[in-house]
Amino acid sequence: MTPNALLLTLALAATPALAAQDISKVNGSITAEAGQSYGDLETVNGSIRIQDGAVVEDAGTVNGSITVDAKATTGDLETVNGSIRLGEHVTVRGGIDTVNGAVFIDRGGEVKDGVETVNGAIGLVATRVGGGIETVNGDITVGIDSHVRGGITVEKPNSRFGFKPKRDPRVVIGPNAVVEGPLVFERPVVLYVHKSARTGPVRGATARVFEGNTAPQD
């Protein structure tokens with residue numbers, strides 16, 4: 001190697017990698033293009049779309065949904081008024097949190113931390129969750145072949161403002177699903193546990209055992 005080539009090689013090795021691009025807006029949606037890498041994605045009034053195979057840090061919005069396509073990788077995902085939906089084989093290196101909106105994670109998903117909603121259903125299909133699942137008013141389906149390490153908590157609604165739930169949440173632990181931690185229900189729920197599923201101790205509800213692919217409709 002010539003001296004000039006050696007100097008160029010050393011200079012390139014000493015140059016820090018360019019930081020991934022952050023995107024921040026007040027009004028407007030954000031799209032992370034397929035296969036590209038990004039920093040944080042933030043908007044107030046708008047949705048966020050993370051396309052196939054993209055890699056992003058945290059993504060958050062106030063009024064808008066978050067959609068993550070297949071094989072993408074993200075950090076924390078948060079919204080206040082909107083749903084969060086993940087395609088197949090998505091990796092979340094953090095947690096998922098929404099106030100008024102549902103969460104759905106398709107087959108092969110992996111979430112390092114927990115999944116939380118206040119008013120929104122949570123649905124998993126063949127998904128691994130490293131933390132727990134928490135909600136107040138949402139239905140929960142730990143679907144076929146899913147694995148939740150941190151248990152499930154359904155919290156008691158805040159009654160300070162005279163809030164009265166219209167119905168009891170429906171909680172389903174599906175075929176071959178595993179919930180390692182306790183299932184704690186601070187309010188009435190309808191709980192179905194598949195015959196092949198495994199759970200931790202149940203507090204505050206009585207499980208109804210079912211067979212077949214889907215739980216009975218109430």
Side-chain angles (χ1 to χ4, degrees), residues 50-56 59 65-79 83-98 101-117 120-155 168-185 189-218:
I50 300 170
Q51 295 182 341
D52 292 355
V55 177
V56 306
S65 62
I66 299 176
T67 303
V68 185
D69 294 337
K71 299 181 180 179
T73 301
T74 78
D76 291 332
L77 300 175
E78 298 182 3
T79 182
S83 63
I84 298 177
R85 185 177 183 88
L86 278 57
E88 294 186 351
H89 302 289
V90 170
T91 299
V92 178
R93 298 180 294 200
I96 296 176
D97 191 348
T98 180
V103 174
F104 176 76
I105 307 173
D106 209 341
R107 187 174 298 275
E110 183 164 0
V111 181
K112 179 182 177 182
D113 297 328
V115 179
E116 298 183 20
T117 72
I122 297 172
L124 315 177
V125 180
T127 292
R128 300 180 65 86
V129 177
I133 291 177
E134 297 182 14
T135 189
V136 177
N137 300 312
D139 294 343
I140 298 172
T141 301
V142 180
I144 183 169
D145 296 331
S146 293
H147 191 148
V148 178
R149 295 182 62 88
I152 292 173
T153 301
V154 178
E155 298 179 356
D168 296 335
R170 174 183 168 94
V171 180
V172 178
I173 314 301
N176 298 315
V178 176
V179 181
E180 290 190 21
L183 285 70
V184 179
F185 303 109
V189 301
V190 179
L191 173 63
Y192 289 101
V193 178
H194 194 271
K195 184 178 181 180
S196 65
R198 293 189 292 114
T199 75
V202 178
R203 304 170 190 165
T206 300
R208 308 178 188 181
V209 179
F210 73 98
E211 302 183 39
N213 292 328
T214 59
Q217 294 299 317
D218 301 328

Measure the spacing between CD1 of I140 and CD1 of I152 and express it to the nearest 0.5 Å. 5.0 Å

Would you tabulate the side-chain donor-acceptor contacts of residues 66-78 under 3.5 Å, counting partners in other chains and residues two or more places apart, or write 'none'?
unit_1	atom_1	unit_2	atom_2	d
D69	OD1	R49	NE	3.1
D69	OD1	R49	NH2	3.2
D69	OD2	R49	NE	3.1
D69	OD2	R49	NH2	3.3
D76	OD1	G95	N	2.8

Distance-only, no hydrogens or angles: does the T141 side chain make a donor-acceptor pair with backbone N or O of G123 under 3.5 Å? no

Please tabulate, one pair per line, all N/O donor-acceptor pairs under 3.5 Å involving side-chain atoms of residues 104-115, not counting sequence neighbours.
none

Just to verify, what does R128 make a salt bridge (Lys or Arg N to Asp or Glu O under 4.0 Å) with, not counting sequence neighbours? none

Pairs touching residues 85-94 that satisfy side chain to side chain donor-acceptor pair (under 3.5 Å), sequence neighbours left out: none

So I173 and V179, side-chain contact (heavy atoms from CB on, under 4.5 Å) or not? Walk me through it. CA-CA 8 Å; I173 314 301; V179 181; 4.1 Å; yes

Set of ring-ring contact (aromatic ring centres under 6.0 Å, His included) partners for F210, sequence neighbours left out: H194

Contacts of T117 meeting side chain to side chain contact (heavy atoms under 4.5 Å, CB included) (sequence neighbours excluded), chain-then-number -> T98, V103, I122, T135

Name all residues meeting the side chain to side chain donor-acceptor pair (under 3.5 Å) criterion together with T79; count only those two or more places apart in sequence or in a different chain, and write none if there are none. none

Check: L124 main-chain N/O paired with T127 side-chain donor or acceptor under 3.5 Å: no

Any side-chain heavy atom of E155 sitting closer than 4.5 Å to one from E116? no

Residues that T153 engages under side chain to side chain donor-acceptor pair (under 3.5 Å), provided they are two or more places apart: none

Side chain to side chain donor-acceptor pair (under 3.5 Å) filter on D145, not counting sequence neighbours, yields none

For E180, what residues pass the salt bridge (Lys or Arg N to Asp or Glu O under 4.0 Å) criterion, not counting sequence neighbours? R149

Taking every non-hydrogen atom, the tightest pair across G212 and P175: O-CG, 3.9 Å

R208: what forms a side chain to side chain contact (heavy atoms under 4.5 Å, CB included) with it, not counting sequence neighbours? V190, Y192, D218

Quick check: do V142 and T199 have side-chain heavy atoms less than 4.5 Å from each other? no

Applying side chain to side chain donor-acceptor pair (under 3.5 Å), name anything that partners R203, two or more places apart in sequence or on another chain. none

Could you go through H147 and R198, starting from their C-alpha distance and side-chain angles, then the distance that decides it, and tell me whether this counts as side-chain contact (heavy atoms from CB on, under 4.5 Å)? CA-CA 10 Å; H147 191 148; R198 293 189 292 114; 5.5 Å; no

